[in-house]
Amino acid sequence: ATVSVLNCQPIHTYSLMTAPPGTSAALHVGGLSPGVTDADLFRTFRAMGRVLSVQVCRRTADRKSVGYGVVEFEKSIDAERALDELSGVEIQGVPCRLMWKCNADGAAHRGTESVFINHLPLDVTSQTLYNAFSPYGEVLTCKVATCSEGTSKGYGLVHYATSDAVVRAAAAMATVRDALHAPRAQVSHFERMDTAPDAKIGEETFTNCYVKHLNKALSDEALLAFCVPFGEVASMKVIRDDDGTSRGFAYVSFKEHKMAMDFVEVANDTTPAGIVEDGLSLYVARHQRKLEREHNLRQALKDQSGQHWSLYVMDLDSGADDEELHALSRPFGELLSAKVLCDPETHASKGFGFISFKAMADADRAAAALGGQLFRGQRLRVVPAGHRSLSHNDSSPWAPRNDGCGQASLPPLVSCEGAGEIGHAHQAPCLSPIRRI
């Protein structure tokens, strides 16, 4: 059986061997391969003590694992023993990461500091990274980034509870390099990109430029020669495919802000021979972080939308189509559009869609009426497009829930898969993220 989890809270974790305040006897299990099931988790952890519940978290749309799960024990001492003895144990051939699963009141409100470590050898695991950095302070989470095949990307993150631990770790990098056998490893302070981008500050200080519409045959040397007249180039990279073919864009970093600003003002919208692709103009602009680009795109779409009010409809049946969604929404007012997102190959619904009304009052009525309504045997979830699911304190369905980025966003789509022989799942309008055995 498969159970959808509504309004699932984010998991906050510790890596300590003693359960921190505000935690239950539950462990967060990370680094799971896509094929791991609830039954695999149960078989792995039942030797440590009585297991009350297990969960592999999955996306609602396609039921694919999101790479982590939760195991809850009856006693904290059993969870501590599992954390001590099973950390790094292989599940389906992939080492797992174990941390304490904290309640929202436990770790969510604690200040954390993070360090970014790069130039790591490919054999360094998350457990190895934890062992190297834990002597310098309380580690909340620790992870080596990996690709889909499970191989290391050569960098990782360590989240400490205090800034003092970050300072101690940075001062002891010689010891850390020896422990990791990583002579080129470097550590730097990691800043989360969870605040609204300040475009004004970027405009006043930038040195990195983004260049596109480049000639595919352009060499790095030719592009460098084109950029040098504007000032000293600190670094430059033409983005290429695996076979070495240019993808038509590059990044150029200048030594000073004025040099980069001159490059943007002079070179943008020009057609230098041999540099730009035939029939196009060179595009040169300040390099923007992904967060800032998304922010600007959302703002542009908002400006273009005028007074249209759109709803995001989730948990649609795979057979739902535009006509059915249109017919479902039409009674609530003047409908501008109704679109079900479909897979381009199978043409089956991806499980969500959008409906747009001309009047806000119509969208309010549709959100109130359709939310929780059964449609093709599935209970719908409806929220304003671009907004989080509503809390009980929201006076209007259009009240945004700030995600720390200054922008509203959608709730996480998470579900858990039943484990068959372990127990039975039950379905209700609002479910606990842990399935009892």
For this session: Verify the neighbour count for atom CG of Asp243: are there more than 12 heavy atoms of other residues, nucleotides or ligands below 6.0 Å?
Result: yes
Exercise. With no hydrogens and no angle check, is any side-chain donor or acceptor of Ser246 less than 3.5 Å from a backbone partner on Ala217?
Worked result: no
Problem set entry | Between CZ on residue Arg379 and CE on residue Met314, distance to nearest 0.5 Å | 14.5 Å
Exercise. Would a distance-only check, ignoring hydrogens and angles, find a side-chain to backbone donor-acceptor pair under 3.5 Å from Gln92 to Gly35?
Worked result: yes
Exercise. Do Phe133 and Ile117 touch side chain to side chain, with heavy atoms closer than 4.5 Å?
Worked result: yes
For this session: Kindly determine whether Phe254 and Phe230 satisfy ring pair (Phe, Tyr, Trp, His ring centres under 6.0 Å), including the steps that lead there.
Result: CA-CA 9 Å; Phe254 288 90; Phe230 298 95; 7.1 Å; no
For this session: Would you please classify the geometry between the His287 ring and the Tyr251 ring as parallel, tilted or perpendicular, with 30° and 60° separating the classes?
Result: perpendicular
Exercise. So do Val211 and Leu282 actually touch side chain to side chain, heavy atoms under 4.5 Å?
Worked result: yes
For this session: Flag this pair as yes if the NZ/CZ of Lys212 is under 6.0 angstrom from the six-membered ring centre of Tyr283 and inside a 45 degree cone about the axis; otherwise no.
Result: yes
Exercise. Do you know which two heavy atoms are closest between Phe45 and Val71, and how far apart they sit?
Worked result: CD1-CG2, 3.8 Å
Problem set entry | Separation between CG of Leu341 and CZ of Phe352, rounded to the nearest 0.5 Å | 4.0 Å
For this session: Measure the spacing between CD of Glu292 and CZ of Arg286 and express it to the nearest 0.5 Å.
Result: 4.0 Å
Problem set entry | Main-chain N/O of Ser281 paired to His213 side chain as donor or acceptor, under 3.5 Å | yes
Seminar exercise, completed: OG (Ser114) and NE2 (His159) are apart, to the nearest 0.5 Å, by 4.0 Å
Problem set entry | pair Leu311-Ile355: side-chain heavy atoms closer than 4.5 Å | yes
Problem set entry | Minimum heavy-atom distance Ser65-Gly67, with the two atoms named | OG-N, 3.0 Å
Problem set entry | Heavy atoms of other groups near Lys350 NZ, more than 12 under 6.0 Å | yes
Exercise. Thinking salt bridges, do Asp241 and Lys216 make one under a 4.0 Å N-O criterion?
Worked result: no
For this session: Decide yes or no on side-chain contact (heavy atoms from CB on, under 4.5 Å) for Leu380 and Leu316, but give the supporting numbers first.
Result: CA-CA 7 Å; Leu380 299 179; Leu316 292 171; 3.6 Å; yes
Problem set entry | Side-chain donor/acceptor of Asp262 to backbone N/O of Met259, under 3.5 Å | no
Exercise. Closest approach of Val233 and Cys227, non-hydrogen atoms and distance?
Worked result: CG2-CB, 4.0 Å
Exercise. Which atoms form the tightest heavy-atom contact between Asp78 and Phe73, and what is the distance?
Worked result: CB-CD2, 3.8 Å
Problem set entry | Option passing salt bridge (charged side-chain N to carboxylate O under 4.0 Å, His left out) with Asp315 (candidates Arg376, Arg59, Arg381) | Arg381
Exercise. Using the ring of each side chain (for Trp, its six-membered ring), is Phe226 parallel, tilted or perpendicular to Phe263, with breaks at 30° and 60°?
Worked result: perpendicular
Problem set entry | Step-by-step side-chain contact (heavy atoms from CB on, under 4.5 Å) determination, Val54 to Val70 | CA-CA 6 Å; Val54 291; Val70 178; over 6 Å; no
For this session: Check whether any side-chain heavy atom of Met261 sits under 4.5 Å from a side-chain heavy atom of Val264, and report yes or no.
Result: no
Exercise. Could you go step by step and tell me if His28 and Tyr68 meet the side-chain contact (heavy atoms from CB on, under 4.5 Å) rule?
Worked result: CA-CA 7 Å; His28 168 80; Tyr68 63 84; 3.5 Å; yes
Exercise. About how many Å separate OG1 of Thr146 and CG of Leu122, when rounded to the nearest 0.5 Å?
Worked result: 11.5 Å
Problem set entry | Val382 and Gln373: CA distance, side-chain angles, deciding distance, side-chain contact (heavy atoms from CB on, under 4.5 Å) verdict | CA-CA 10 Å; Val382 182; Gln373 178 175 327; over 6 Å; no
For this session: Please report the shortest heavy-atom distance between Leu98 and Ala82, naming the atom on each side.
Result: CD1-O, 3.5 Å
For this session: Hey, can you tell me if Tyr312 and Phe354 have their rings parallel, tilted or perpendicular (30° and 60° cut-offs)?
Result: tilted
Exercise. How about Phe357 and Phe332: are their ring centroids closer than 6.0 Å?
Worked result: no
For this session: Could you pull out the closest heavy-atom pair between Val29 and Cys96, with the gap in Å?
Result: CG1-CB, 3.9 Å
Problem set entry | Heavy atoms from other residues, nucleotides or ligands near OH of Tyr155 exceed 12 (cutoff 6.0 Å) | no
Exercise. Which value, rounded to the nearest 0.5 Å, describes the distance between Asn118 atom CG and Leu120 atom CG?
Worked result: 7.0 Å
